Amino acid sequence: MFDSVLVANRGEIAVRVIRALRSLGIRSVAVYSDADADALHVRLADEAVRIGPAAARDSYLSIEKIIAAAVSTGAQAIHPGYGFLAENTAFAAACAEAGIVFVGPPAPAIDAMGDKIRAKLTVSAAGVPVVPGRTRENMSDDEIVDAALEIGFPVLLKPSAGGGGKGMRLVHAQDTLREAIESARREARGSFGDDTLLIERFVTNPRHIEIQVLGDSHGNVIHLGERECSLQRRHQKIIEEAPSPFLTAEMREAMGAAAVDAAKSCGYVGAGTVEFIVDGQTGDYFFMEMNTRLQVEHPVTEEVTGVDLVEWQLRVASGEVLDLDVSLTGHSVEARVYAEDPARGFLPTGGRVLALREPTSVRVDSGLYEGLVVGSDYDPMLAKVIAHGRTREEALRRLDHALGQMVLLGVTTNIPFLRALLRDPAVRSGALDTGLVERKLDSLTSAGIPDEVYVAAGLERSLEPPENGSGDDPWDQLSGWRIGEHAWTTWRINDVDVRVRGDEVVVGAGEPVRARARREGADLLVGSRRYAIARDGDVLWLGHDGASWALTEAEFLVGASGGAAASGGPVKSPMPGTVLVVRASAGDEVTAGQALFVVEAMKMEHTVTAPVDGVLAEVHVQAGQQVALNQMLALVVSHEE
């Protein structure tokens with residue numbers, strides 16, 4: 001076994017690997033960019049090395065810097081986690097050249113499976129069924145169009161060089177195909193440095209089921225059962241579970257054998273995942289791709305098998321013989337906590353973590369800590385919450401309860417969406433498919449703030465002592481105290497008037513409600529409801545049952561109302577990120593819905609459109625420019641003005 005291992009990743013996976021190294025008595029070396037100087041993985045490691053600025057291409061994707069860090073610290077091996085260089089053939093080869101063990105498969109296996117086109121050809125030759133499509137290398141746009149017409153719509157465009165939903169496009173009709181090809185190539189080029197695409201038939205009513213495999217350098221390969229990953233948004237997994245509620249024992253045996261054949265076909269060593277698309281009606285399964293690394297969702301397999309996959313990655317990388325007797329016990333479900341807003345199309349969010357309480361009743365893999373700044377430099381996943389139960393129903397219930405206990409203030413997350421999804425009848429029954437989330441999105445999201453939250457915010461504000469007063473003198477209070485009776489005190493919170501008089505609160509034009517509030521430690525108690533609370537300047541964050549709300553006090557008002565209506569048509573960035581494309585110039589005539597900009601953040605593209613018909617009077621940004629959330633990009637002047 002190794003004495004010292006460098007972890008070439010960040011966030012929760014780096015923390016996960018460092019903790020595994022610590023349990024094995026192995027010295028850990030972390031690497032970090034300027035954005036991660038205070039990160040949890042840096043704090044936990046025995047040694048940490050700065051490798052560059054925040055941009056991944058200049059830090060976590062720099063092979064030279066990571067190899068140099070390993071050499072300078074005496075690391076015998078490098079664990080790549082997942083993402084960044086985990087499936088990079090050149091990185092694996094560079095490790096070998098430097099005399100450092102790469103904790104992963106050999107470079108030829110990465111090469112064979114890292115390219116989806118060659119992977120399909122390789123496993124097909126081994127007798128593994130593949131999805132009908134066209135997988136020729138370097139196809140032109142015209143050849144892809146011809147292939148789509150031959151296969152028939154709907155079709156799926158996929159980048160050959162990578163996965164994770166990046167660069168993937170589902171196309172239903174010919175008239176949108178070329179635009180989808182252009183967008184898919186651009187995103188694939190930005191994410192993987194390669195814009196090669198393949199095209200395949202889109203399986204209707206599809207389930208995404210993958211098999212965990214593990215191989216050693218002595219020719220032994222086993223599988224550790226399957227994971228159901230059908231709950232996805234934008235082809236990115238959200239909730240995963242093991243085992244699948246769909247597979248029978250016979251299907252598990254057949255798919256497991258196919259996965260082992262696929263791994264053996266490329267001489268696989270280490271932990272990897274063979275992903276299948278499964279017809280939810282017939283049970284027919286087709287090879288999609290092989291991820292030659294640890295998967296984000298590996299904990300659910302660990303929970304039902306009792307096998308520490310990171311430990312076994314290290315063992316087989318050090319030359320040990322794979323000797324495991326695998327059986328499945330109970331059920332496990334994982335939810336991914338993202339910095340994103342489901343009500344706004346899952347756009348990435350950001351901010352500083354002001355308050356954090358992670359549930360202790362279940363497993364939490366996390367890189368979170370109070371004070372962490374969540375920006376747009378890296379993937380928006382913050383943590384994973386994993387529950388195990390004797391039955392699927394018990395695991396789902398425990399996961400929902402744990403998410404309700406989680407407090408994360410300062411960053412908008414998808415936790416309320418996750419809880420709604422876990423309670424959906426189709427999810428409860430196991431009737432899953434990859435389109436379920438998109439079909440039910442409206443019922444799973446809520447963009448509004450409940451009135452009871454405004455009530456809590458108004459009462460909290462009325463409890464605050466003045467900045468220059470002791471808080472003991474009634475003349476110093478902000479509660480509207482007067483001789484004889486209380487008067488109404490009004491605040492404008494998120495453009496809603498909230499009036500407070502004693503224990504009476506009125507939200508907007510609603511009827512008065514009676515409620516009392518008091519502070520208890522870091523919490524605010526309003527009646528029987530407990531809120532986690534944190535302040536960031538003039539923004540009050542409240543959290544309850546896993547949900548959180550940012551409430552901005554615009555001004556102190558006494559009987560004020562209303563606000564000026566916005567004029568014109570400002571075009572604002574829907575997320576912090578980088579402007580990739582500018583499609584119009586100042587002076588151009590535009591129509592409502594016309595694409596004006598493409599903004600990218602955390603490897604996600606979003607097209608920004610004109611809000612009204614009119615003239616593009618101002619353009620404030622150019623391609624390559626960094627922009628903040630709600631930053632004005634342009635101004636459209638309506639023809640009616």
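Throughout, residue positions are numbered sequentially from 1 according to the sequence presented. Note that this is a predicted model, so its numbers are computed, not measured.
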Discussion item. Using side-chain heavy atoms (C-beta onward) and a distance below 4.5 Å, is Val364 in contact with Pro359?
Written reply: yes
Worksheet item: Is Asp146 paired with Arg134 through a side-chain N to carboxylate O contact shorter than 4.0 Å?
Response: no
Item to complete: State whether Glu87 and Arg293 are salt-bridged, where the test is any N-O pair (Lys NZ or Arg NE/NH1/NH2 against Asp/Glu carboxylate O) under 4.0 Å.
Response: yes
Practice prompt. Decide, yes or no, whether a salt bridge links Glu187 with Lys166 under the criterion of side-chain N to carboxylate O below 4.0 Å.
Written response: no
Worksheet item: Taking 4.0 angstrom as the limit, do Lys120 and Glu200 come out as a salt bridge?
Response: yes
Item to complete: For the pair Tyr60 and His41, name the ring-plane relationship: parallel under 30°, tilted 30 to 60°, perpendicular over 60°.
Response: tilted
Worksheet item: If we only count heavy atoms from C-beta on, is the Leu214 to Val326 side-chain gap below 4.5 Å?
Response: no
Practice prompt. If a pair satisfies salt bridge (Lys or Arg N to Asp or Glu O under 4.0 Å) and one of its residues is in residues 93-110, list it, with sequence neighbours excluded.
Written response: none
Worksheet entry | Sidechain N-carboxylate O distance under 4.0 Å for Asp34, Arg50 | yes
Discussion item. Regarding Glu340 and Arg233, does a basic nitrogen lie under 4.0 Å from an acidic carboxylate oxygen?
Written reply: yes
Item to complete: Please determine, by modelled atom types, if Arg207 and Ser244 share a side-chain donor-acceptor pair under 3.5 angstrom.
Response: no
Worksheet item: Taking 4.0 angstrom as the limit, do Arg178 and Glu182 come out as a salt bridge?
Response: no
Practice prompt. Using modelled atom types only, decide if a donor and an acceptor are shared between the side chain of Ser28 and the backbone of Asp46 within a distance under 3.5 Å.
Written response: yes
Item to complete: Would you verify whether the NZ or CZ of Arg43 falls within 45 degrees of the ring axis of Tyr369 while also being under 6.0 Å from that six-membered ring's centre?
Response: yes
Worksheet entry | Proximity of Phe346 and Tyr338 rings by center, below 6.0 Å | no
